[in-house]
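Beneath this line is the structure, given in C-alpha cells, with notes to follow.
Atoms within a ligand are numbered from 1 in the order they appear, just like the ligands themselves.
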Amino acid sequence: MTHDPSPLAPATVAVTAGRPPRVQGGPVNPPVVLSSTYVSQGVPGDELLYTRGGTETWEPFETALAALEGGAHGVVLGSGMAAIIAALGDVPPAGVVVVPRHAYQVTLGYLDDLARRHGVEVRRVDIADTEQVLAALDGADVLMAESPTNPMLEVADLPTILAGARQRGVFSVVDNTFATPLGQRPLDLGADVVVHSVTKYLAGHSDVVLGAVVTDDDDVAARVRAYRTLHGAIAGPMEVFLALRGLRTLPLRVERANANAAELARRLAEHPRVAEVRHPSLPTDPGHARAARQMTSFGAIVGLRPVGGLAAADAVVDAVRLWVPATSLGGVESTLERRRRFTTESPTVPEDLLRLSVGVEDVEDLWADLSRALDHGAR
Ligand SMILES: *Cc1c(COP(=O)(O)O)cnc(C)c1O
C-alpha cells in the first residue's frame, strides 16, 4: 500500500515519467506498437500475447499518470465510463452506493442501470452537505464521489467524507476529471481509487476518448485489469500515444486554462447580464474555502446562469463565435453548452445553467466574445 513519493515536482513528472530507458541510440519517446498479437508458442508465461490482455504501448502512460496521482498503479481503459464501471466493479447485488445527485449524468445512468438489474440502492446526496453524506455512508458499500461536481461545481469536504468512508469500511472512488492530479490528489486525501475521463484535460486536445483508474491497492489494480480484459474495455495504442503526448503539456495547459477561468469568473460576477456564476476561485463561491484547503488550483470549468433564463442561455450559445458550442470539456479550445438540453441531465440542475470549459486562448479574446454574446442575449 505504500510507495515512495516522487521527489520531483508535478511539472517535471509530467514531462519525464514513463520515458524509455536512456540508452545510446534509443528513442526519447516510447515506441507505438501496432500489433494485435505477439509471437508465442507453447505454454504462455508472462510475455505479451494478445493486445486485449496487454500491450507495451499502455505502460508509459499508466506510469506517468500514476506518478502524477501519487498512486502505485495506473490502468488505462477505453473511456472514462469504462474506468468508472471497472472501478465500481465490486458493487454487490442489492448493495448500496452513495453518489452526488449532480454527478456526471452517465455515471448516474449506470448506477440506475445497476439499480434496475441488480437491486442496487443508489443514495443520491448533496455532496457538499457533509453531514448528509456521512449519514448516507452508514451501511453503504461504495462511495462514488466527484468534487467539484459536473456540472454544478459543488465542492465536497473530501478529507472528511473519505475518512468517514474508511471508518465504515466503504470503498471510495473519486472522479478527478475536473480537478486533474495537478489540482487535487484524492489518494492523498484518503480515496481508495481515482478515476479519470482521460478524454478531457489529461489528453487535452479533444481528439481521443479514453479513461484511467489509479490506485495504491494491488488487489484493486488486478481486479480492474481483469475487468478490462474480460469486458474488452481496452484502449487503442494510438489513443494512448496521443494521451501521453497531451499529458506532457498538462501543467502548461492547466495553468493557463485555470488562470483564464478565474479571470473570466471574476469579470462575469460583475457583468449586469449574469444572474449567477460558479467557480471555486471566487471568494463568494460556496465551495471556495473548502477548495482552497484541499485543492492546489481551482480548475477551468465555470458555471454561468445569464439573466433571462433558458431563452437567454440559448441566445448566448447561439451568439458566441470564438467559443465552440459543444459537449465535453478539458480541450485547448473553449467550449460551452446548456446542460439541460440533455433530457438525461439531473432535473435539479437549473435549466439555464451554461457549463463553460475554458481553454488556453487569449483571455481578452475569450472575454470579448463572451461578453458580446451576453449583451446580444439582452436585445
Ligand atoms: C466526461 C466525463 C466522464 C466520462 O468520460 P468518457 O471518457 O466520456 O467516457 C466521467 N466523469 C466526468 C466528470 C466527465 O466529465
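With salt bridges taken as basic N to acidic carboxylate O contacts below 4.0 Å, one links Arg339 and Glu345. Asp375 has no carboxylate O lying under 4.0 Å from a charged side-chain N of Arg372, or vice versa, which leaves the two without a salt bridge. Salt-bridge annotation for Arg123 and Glu121: present, with a side-chain N of the basic residue lying under 4.0 Å from a carboxylate O of the acidic one. Taking the charged nitrogens against the carboxylate oxygens, Arg305 and Asp352 do have a contact shorter than 4.0 Å, which makes a salt bridge. Residues Asp141 and Arg168 are not paired through a salt bridge, judged by the lack of any N-O separation under 4.0 Å between the basic side chain and the carboxylate. Between Glu276 and Arg278 there is no salt bridge, since none of the side-chain N atoms of the basic residue sits less than 4.0 Å from a carboxylate O of the acidic one. Salt-bridge formation is detected for the pair Glu62/Arg228: a Lys NZ or Arg NE/NH1/NH2 atom is positioned less than 4.0 Å from an Asp or Glu carboxylate oxygen.
For a threshold of 3.5 Å applied to N or O pairs, the pair formed by Asp175 and ligand 1 contains at least one separation below that value. No N or O atom of Phe178 sits closer than 3.5 Å to an N or O atom of ligand 1.
Heavy-atom proximity to Gly80, at under 4.0 Å, picks out these atoms of ligand 1: 5 (O), 6 (P), 7 (O), 9 (O). Residue-ligand proximity, Asn150 to ligand 1, at heavy-atom distances under 4.0 Å covers atoms 13 (C), 14 (C), 15 (O). Every atom of ligand 1 with a heavy atom of Ile84 under 4.0 Å away is listed here by number and element: 10 (C). Near Met81, meaning under 4.0 Å from one of its heavy atoms, ligand 1 places the atoms 5 (O), 6 (P), 9 (O).
Residue, atom and distance of the protein heavy atom nearest to atom 14 (C) of ligand 1 are Lys200 NZ, 3.0 Å. Protein heavy atom closest to atom 5 (O) of ligand 1, with residue, atom name and distance, is Ser197 OG, 2.9 Å. Regarding atom 4 (C) of ligand 1, its nearest protein heavy-atom neighbour is Tyr104 CE2, 3.3 Å. In this structure, the protein non-hydrogen atom closest to atom 7 (O) of ligand 1 is Thr199 OG1, 2.7 Å.
Using a 4.0 Å cut-off between heavy atoms, Leu210 contacts ligand 1 through its backbone alone, with no side-chain atom that close.
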| Intermediate values then yes/no, ring-ring contact (aromatic ring centres under 6.0 Å, His included), Tyr201 and His196 | CA-CA 9 Å; Tyr201 292 99; His196 276 283; 9.7 Å; no
